[in-house]
Amino acid sequence: MLAVTFTNRAAKEMQQRVSNIVGPIAESIWIGTFHSIATRILRKHPKLVGLDNDFTILDQDDQLRLLKQLIEDDGYNLNNFTPKVLMSWIQFCKDKGLGPENVPFEMMGELSSCNVIGLYSKYQDKLKSLNCVDFGDLLLHCLNILRDNEEILSQYQRKFKYILVDEYQDTNVCQYLWLRLISQIYRNLCCVGDDDQSIYSWRGAEVENILRFENDYENSRVIRLERNYRSTPNILLAASNLISHNKDRLGKNLTAANYDNQDKGDKITLRGVWDSEQEAHWVVSQVDSLHSKGNLLSSIAVLVRAGYQTLEFEEKFINASIPYRVFGGPRFYERLEIKDLIAYLRCVCSDKDDLAFERIINKPKRGI
């Protein structure tokens, strides 16, 4: 059995729940994220893609540093494209399951003017010389191993009789192809997803994967989970009316559990404001009003789309002397001191990891 989800937290919870039900035998079930499962397979067959077993996985910061090095060393003409844009394009290709040798000309667009294919190829060669991979490589290398080695593909196809996938609407092309390959023998594939919640196209997600599921897998059965346990009828009605304007969707009729016909819940307030400062001012005034009526501040939440938007709210809360907490901020492994420490550990593990060595050679400062 193989169970795949998108976050380590979800995978850990799934593992714990299964262990509670079936005991120690749960250890034999492969439960993890796409990247952790791909890493597990890649660790078993690294030589097939030119790596050693102790390969290092680079984070986004190190990927960008490596690309910048290549650009500077080879004197690339970027034609006003930033290294960040070029790196996004390389990762986009990997999400599509394409190595530098497979990228069609039309996918380069305006980037063809700065020989982006050549840069992609040099980037991959440098990763191998450092015995490193990036996150996109984990899935791409795994896909290539399965595509190019029938015996290994057959081994995993026969191993995984049942495959369960969470958040299928967020899968990219590489993940889609990977799943198709290993599910071909038994064809016992159960995917949970919601096409209306596909919001990650900017990072490679293809909502078409879930929309064409019935065509990809003949005799498949679609089960609509239409009872909603989180929202009130008014919220569901507004959301359903809004999403109904999408052209390509499977469609469903949501109903609120635990609500009778009389109770629709509070009405939604839609407020138009001129700018972010007015928005924050209005929200803080609403919070102040609710608090003055006896509502606990801990029972009030302000949701924003991106982290940078919290600044306006923080300033207004401070001015109004309203205590608040911001959830989010830098992730643990993105903190500079944690990245530095991990770089030391990477140097201990591998004498090929020049990127890690460059990061720590002057931390603490040694005047080198």
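Given the structure is predicted, the values throughout are model-derived calculations rather than measurements. Values below: all heavy atoms of this structure, side chains included; hydrogens, waters and symmetry mates excluded.
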Candidate list D195, N172, T171, test side chain to side chain donor-acceptor pair (under 3.5 Å), partner N209, passing option: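 Single side chain to side chain donor-acceptor pair (under 3.5 Å) partner of N209 among D195, N172, T171: T171.
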Closer than 3.5 angstrom, by distance alone: can the side chain of [X] be matched with the main-chain N or O of [Y] as a donor-acceptor pair?
{"X": "N234", "Y": "G265", "value": "yes"}
{"X": "D275", "Y": "Q278", "value": "yes"}
{"X": "S350", "Y": "R346", "value": "no"}
{"X": "N149", "Y": "I145", "value": "yes"}
{"X": "Q15", "Y": "A26", "value": "yes"}
{"X": "S244", "Y": "N241", "value": "yes"}
{"X": "S289", "Y": "S285", "value": "no"}
{"X": "S183", "Y": "L179", "value": "yes"}
{"X": "Q309", "Y": "R305", "value": "yes"}

Looking at F55, is R43 sitting on its ring face, NZ or CZ under 6.0 Å from the six-membered ring centre and within 45 degrees of the normal?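 Yes, a cation-pi geometry holds between R43 and F55.
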With a cut-off of under 6.0 Å to the ring centre and 45° to the axis, is R158 in cation-pi contact with Y186? no
Exceeds 12 heavy-atom contacts within 6.0 angstrom, atom [atom1] of [X]:
{"X": "E337", "atom1": "CD", "result": "yes"}
{"X": "R230", "atom1": "CZ", "result": "no"}
{"X": "R17", "atom1": "CZ", "result": "no"}

Under a 4.0 Å N-O cut-off, is there an ion pair linking [X] with [Y]?
{"X": "K94", "Y": "D134", "answer": "yes"}
{"X": "K68", "Y": "E72", "answer": "no"}
{"X": "R65", "Y": "D62", "answer": "yes"}
{"X": "E277", "Y": "K316", "answer": "yes"}
{"X": "R221", "Y": "E214", "answer": "no"}
{"X": "R224", "Y": "D194", "answer": "no"}
{"X": "R359", "Y": "D61", "answer": "yes"}

Does the side chain of [Y] come within less than 4.5 Å of [X]'s, by heavy atoms?
{"X": "I37", "Y": "L2", "answer": "yes"}
{"X": "Y176", "Y": "E208", "answer": "no"}
{"X": "Q69", "Y": "E358", "answer": "yes"}
{"X": "M1", "Y": "W30", "answer": "no"}

Under 3.5 Å, is there a donor-acceptor pair linking the side chains of [X] and [Y]?
{"X": "T39", "Y": "S36", "value": "no"}
{"X": "Q157", "Y": "Q155", "value": "no"}
{"X": "R147", "Y": "N144", "value": "yes"}
{"X": "E315", "Y": "N319", "value": "no"}
{"X": "N246", "Y": "D196", "value": "no"}

Run the ring-centre check on W178 versus F34 and record whether the distance is less than 6.0 Å. yes
Working note: D353 + N131, criterion side chain to side chain donor-acceptor pair (under 3.5 Å); need CA distance, chi angles, decisive distance, verdict. CA-CA 7 Å; D353 200 336; N131 195 34; over 6 Å; no
Can you tell me how far apart NZ (K293) and CG (D288) are? Round to the nearest 0.5 Å. 11.0 Å
One should read off an interatomic distance between S240 OG and K252 NZ, to the nearest 0.5 angstrom, of 8.0 Å
V103, M87: one ILVMFWY side-chain cluster at the under-4.5 Å cut-off? yes
Walk me through it: do Q91 and D95 pass the test side chain to side chain donor-acceptor pair (under 3.5 Å)? CA-CA 6 Å; Q91 296 304 320; D95 288 341; over 6 Å; no
